[in-house]
Amino acid sequence: QVQLVESGGGLVQPGGSLRVSCRASGRKFGRYSMGWFRQAPGKEREFVAAISTTRSLTFYGDSVKGRFTIYRDDAKNSVHLQMTSLKPEDTADYYCAAGRRRVATIKSCDYEYWGQGTQVTVSS
C-alpha cells in the first residue's frame, strides 16, 4: 500500500514558475513509476508527466513539453514537478500517482495509487 500526499500548489502569475511535490509513505518507493496528471474544471483528467524507476526515462504531455520537468528523490520518497512559463490553461488540480510498472506510462489506468491533489491557479 502506498499513500501519496501532494503539496506546493497555489496561485501564480502567467509566465511564472511553481514546483509541486508528492511525498509517498511506505517502503520500496523506488520500485514504483510515478506520474502527474491534472484535471481542470469541466475537463477530463490529462496526463502531464511521468518518470520510470530508472530516473532517466521520463515522459511529458505535449502541452507541457519544454516547460515542465519531473524528477524523483528516492531517498526522500518523493517526486516533484517543476513548472515554468506557466499559462492560464495550466490551471487545474494536479494529482500524483504511483504504479507498479518499472517503466512509466501515460495512461491513468496503469497507476494504482493516487493522491488527493493540489490546486494550481495561473492568473494575473
Side-chain angles (χ1 to χ4, degrees):
Q1 188 77 12
V2 176
Q3 292 185 326
L4 304 171
V5 178
E6 300 95 336
S7 63
L11 174 65
V12 61
Q13 292 188 340
S17 298
L18 193 68
R19 187 182 80 165
V20 291
S21 300
C22 174
R23 185 76 183 267
S25 64
R27 300 179 180 178
K28 303 178 182 178
F29 173 76
R31 296 187 180 183
Y32 291 88
S33 56
M34 301 298 297
W36 284 97
F37 293 78
R38 68 186 182 186
Q39 188 166 18
K43 295 188 177 181
E44 293 186 353
R45 188 166 292 187
E46 174 189 16
F47 168 74
V48 177
I51 186 167
S52 299
T53 56
T54 54
R55 287 166 282 176
S56 60
L57 191 57
T58 58
F59 303 93
Y60 294 93
D62 289 341
S63 61
V64 307
K65 279 180 183 175
R67 299 189 298 123
F68 290 12
T69 302
I70 186 171
Y71 59 100
R72 63 190 297 161
D73 184 345
D74 290 347
K76 296 183 178 179
N77 280 15
S78 60
V79 62
H80 308 279
L81 183 68
Q82 180 67 49
M83 304 182 289
T84 63
S85 301
L86 283 160
K87 306 174 182 180
E89 50 264 44
D90 294 318
T91 295
D93 291 326
Y94 283 71
Y95 296 90
C96 171
R100 294 193 184 97
R101 296 169 183 260
R102 298 183 69 84
V103 178
T105 81
I106 67 172
K107 297 186 293 182
S108 59
C109 60
D110 287 335
Y111 294 85
E112 289 83 9
Y113 305 102
W114 291 81
Q116 295 299 307
T118 185
Q119 188 175 55
V120 172
T121 302
V122 184
S123 175
S124 55

Determine, using the 4.5 Å side-chain heavy-atom cutoff (strictly less than), whether [X] and [Y] are members of one ILVMFWY cluster.
X   : Y    : result
V12 : Y94  : yes
Y32 : F47  : no
I70 : W114 : no
Y95 : V79  : no
L86 : V20  : yes

With a 4.5 Å heavy-atom cut-off, do [X] and [Y] have their side chains touching?
X    : Y   : result
I106 : Y60 : no
S123 : L11 : yes
F29  : K76 : no

Grab the two heavy atoms, one from [X] and one from [Y], that are nearest each other, plus how far apart they are.
X    : Y    : answer
G30  : R72  : CA-NH2, 3.8 Å
F59  : A104 : CE1-O, 3.4 Å
S33  : R101 : OG-O, 2.9 Å
M34  : C22  : CE-SG, 4.4 Å
Q82  : S17  : NE2-CB, 4.1 Å
V120 : M83  : CG2-CE, 4.0 Å

Legend entry - Pairs touching residues 39-84 that satisfy disulfide bond (SG atoms under 2.5 Å apart), sequence neighbours left out: none
Inset, instruction - Report the distance from atom CG of D93 to atom OG1 of T118, rounding to the nearest 0.5 Å. - result: 8.0 Å
Inset, instruction - Nearest 0.5 Å please: distance from the NE2 atom of H80 over to the CZ atom of F68. - result: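 Reported value, rounded in 0.5 Å steps: 16.0 Å.
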Any donor-acceptor pair under 3.5 Å from [X] side chain to [Y] backbone:
X   : Y    : answer
R31 : R27  : no
S25 : Q3   : yes
E6  : Q116 : yes

Inset, instruction - Could you list the residues that satisfy salt bridge (charged side-chain N to carboxylate O under 4.0 Å, His left out) with R23, not counting sequence neighbours? - result: none
Legend entry - Full working for side chain to side chain contact (heavy atoms under 4.5 Å, CB included) between V103 and T105: CA-CA 7 Å; V103 178; T105 81; 5.9 Å; no
Inset, instruction - Report yes or no: is the cationic atom of R19 (NZ for Lys, CZ for Arg) under 6.0 Å from the centre of the six-membered ring of Y71, at an angle within 45° of the ring normal? - result: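 Not satisfied by the 6.0 Å and 45° rule.
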Legend entry - Sub-6.0 Å ring centroid separation between Y111 and F37: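 For Y111 and F37, the ring centres are under 6.0 Å apart.
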Inset, instruction - With sequence neighbours excluded, give me every salt bridge (charged side-chain N to carboxylate O under 4.0 Å, His left out) pair touching residues 35-53. - result: R38-E46, R38-D90
